[in-house]
Amino acid sequence: MKVLVVGAGLSGLSTAMFLGLHGVELLVVERHATTSLHPKARGQFPQTMEVLRLAGIDQHVIAASPPDFEFRIVIAQAAAGPVFNEILVDSIGPDLSEFSSAGWANTSQERLEPILLERARELGATVRFSTELVEFAQDRDGVTALLRDLNTGSEETVRVDYMVAADGHRSPIRHALGIGVTGRGVLGTGVGAIFEADLSGMLPRNALVYLQNPDLPGGGGALVSTDEPGRYSLGVGLGEYTDERWIEMIRAAAGIPDLAVRLVEVGGSSDTKHWVAERFSSGRVHLVGDAARVMPPTGAFGGNTAVMDGFYLAWKLAMVVKGEAGPGLLDSHTPERRPYSEYIAEQQYTFYVERMRPDLDDGTLTPMADPISMLFFGYRHISDAVLLEPGDEGELLEPEPTGRPGSRAPHVVLPDGTSTIELFGRGFVVLTGAQEWAARAAELGLTAHMLHGADWAKAYGVTESGAVLVRPDFFVAWRTPDVNGDLAGALRAVLKI
């Protein structure tokens with residue numbers, strides 16, 4: 001067994017699926033008996049849909065979305081109004097077709113996880129539920145882990161090359177590694193209830209209402225639709241509430257004093273937190289998802305970054321365990337993912353304060369990204385696994401695609417109507433308009449795509465006789481404007497071989 005993934009949530013299953021796509025033998029263990037049974041993170045951004053398309057499941061995810069893509073997000077006193085601010089009306093998200101050939105989906109976590117699970121198993125992953133990690137130890141050659149079957153009590157020791165901590169915001173693995181966190185800490189504690197009621201006259205099929213209402217504990221909460229028509233979830237401040245009190249709060253959230261309500265389930269408490277791990281790797285153990293960052297659930301970036309964590313880490317692990325790259329490639333995990341994690345956590349904190357907790361506005365809020373596309377496609381991966389050019393100061397964000405190393409490869413529509421993005425994902429790729437570069441790529445065992453016309457070259461900042469080396473994660477590793485350049489040397493430098 002090459003890799004052990006601990007946790008079968010969005011990040012763990014995504015890591016497993018993409019490792020399987022790269023042909024890596026792996027084991028996933030999850031202490032719960034099943035995937036998530038509760039509506040949690042909802043919505044998939046276009047960049048997430050790109051990687052799910054690569055894995056062959058994008059259409060399954062779209063099919064699992066509610067049939068009506070209409071989605072409304074508002075800040076209001078109640079579902080019936082008054083509305084203080086409209087965030088999204090009749091759409092899932094902004095138009096990002098300038099940056100991607102993929103669209104949006106609106107699938108909930110409870111429906112997405114089984115899709116990821118099935119595909120991971122199809123690609124060879126072994127997944128064991130009701131199995132917990134008891135302890136682990138690592139040395140210079142690998143990780144030894146003790147696992148316990150929670151159904152039988154039996155224990156087993158496994159030896160792997162690497163371990164991925166996808167074990168959630170509490171992350172016993174992160175604590176065992178002594179990795180601290182930085183951030184604003186616990187912002188509040190809440191409790192939720194799932195209920196059934198007829199709100200069809202005031203809310204569309206898919207809706208999220210951030211409530212600023214003095215009749216609710218703490219003066220606010222959140223009302224969100226679920227995958228079941230007529231079923232909703234209400235989250236409010238922490239307290240011990242009777243069923244009668246829940247019904248009162250639901251009626252206040254709806255704005256209908258005599259609303260007929262059927263309580264389905266009252267959940268346990270949960271904290272709203274804001275922090276990022278001080279590092280995402282320690283030796284042969286790497287953190288993804290909530291083990292690496294936790295942020296307020298205002299913006300849908302939590303679930304999307306969890307999936308993308310798995311995608312960004314998997315190709316590096318795969319190349320290292322298969323001997324195609326040196327172990328030093330994995331040193332790029334923290335410098336590439338942590339700065340963006342800090343930025344996006346601050347963005348979600350700004351969302352949280354503006355939508356739910358204006359009382360927390362102390363003048364330290366990070367301004368909203370402008371243009372908003374930077375949050376999705378404008379962040380850069382800056383590490384020794386990209387070859388920055390002279391004069392590049394390594395900015396984290398860029399307003400428009402540049403094609404420079406460390407930046408996402410620009411989306412360019414090809415003559416057949418597909419995108420350059422659809423050429424990437426399996427291995428390193430060379431884009432060029434010159435046969436000479438295609439020949440050099442072939443000598444190195446790289447896939448080369450001959451592109452014609454000036455559009456692609458302009459977008460990537462080269463001439464038609466130049467070349468661009470793109471990593472499996474759609475990020476530019478190196479480029480040269482013309483026929484001069486050392487492709488072999490660039491590849492060795494990136495792969496640490």
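Each residue takes its place number in the sequence, starting with 1.
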Colleague: Taking atom CD of Glu395 and atom CG of Leu397, what is their separation to the nearest 0.5 Å?
Modeller: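 If I round to the nearest 0.5 Å, the distance is 9.5 Å.
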Colleague: Between Glu122 and Arg119, is there a salt bridge with N-O shorter than 4.0 Å?
Modeller: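 Between Glu122 and Arg119 there is a salt bridge, with a charged N closer than 4.0 Å to a carboxylate O.
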Colleague: For a 4.5 angstrom cut-off between non-hydrogen side-chain atoms, does Leu112 reach Val61?
Modeller: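 Yes - at least one pair of side-chain heavy atoms lies under 4.5 Å apart.
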Colleague: Could you report the tightest heavy-atom contact between Glu278 and Arg338, atom names first, then the distance?
Modeller: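 The answer is O-NE, 3.2 Å.
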Colleague: Rounded to the nearest 0.5 Å, what separation is found between the CD atom of Gln348 and the CZ atom of Arg355?
Modeller: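 Output value for this atom pair is 8.5 Å.
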Colleague: Where is the tightest heavy-atom contact between Arg380 and Pro405, given as atom of each residue plus distance?
Modeller: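 Taking every non-hydrogen atom into account, NH2-O, 2.7 Å.
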Colleague: Has Arg170 got more than 12 heavy atoms of other residues, nucleotides or ligands less than 6.0 Å from its CZ?
Modeller: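 No, because the 6.0 Å sphere around CZ of Arg170 holds 12 heavy atoms or fewer from other groups.
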Colleague: Find the distance between CG (Leu431) and CZ (Phe424) and round it off to the nearest 0.5 Å.
Modeller: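 Taking CG in Leu431 and CZ in Phe424, the distance rounds to 4.5 Å.
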Colleague: Enter the distance from Leu26:CG to Leu317:CG here, rounded to the nearest 0.5 Å.
Modeller: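 Here the interatomic distance stands at 10.0 Å.
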Colleague: For atom NZ of Lys458, is the number of surrounding heavy atoms from other residues, nucleotides or ligands below 6.0 Å larger than 12?
Modeller: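 No.
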Colleague: With rounding to the nearest 0.5 Å, note down the distance linking CG in Asp58 to CD1 in Ile115.
Modeller: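 Spacing of CG (Asp58) from CD1 (Ile115) equals 10.5 Å.
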Colleague: Indicate yes or no: does Lys322 engage Glu25 in a salt bridge with an N to O separation below 4.0 Å.
Modeller: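 So Lys322 does not pair with Glu25 through a salt bridge.
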Colleague: Can you tell me if Lys2 has over 12 outside heavy atoms packed within less than 6.0 Å of its NZ?
Modeller: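 Count not over threshold, so no.
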Colleague: So, is the end of the Arg284 side chain (NZ or CZ) under 6.0 Å from the ring centre of Tyr162 and within 45° of the ring's axis?
Modeller: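 Yes, Arg284 sits over the ring of Tyr162.
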Colleague: State, to 0.1 Å, how close Ser281 and Thr334 come at their nearest heavy-atom pair, and which atoms those are.
Modeller: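 Scanning both residues completely, I find the closest heavy atoms to be N-OG1, 3.4 Å.
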Colleague: Would you call the rings of His381 and Phe475 parallel, tilted or perpendicular, taking 30° and 60° as the class edges?
Modeller: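 Geometry flag for Phe475 against His381: parallel rings.
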Colleague: Distance under 6.0 Å and angle within 45° of the ring axis: does Arg184 meet both against Tyr349?
Modeller: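 Arg184 over Tyr349 ring: yes.
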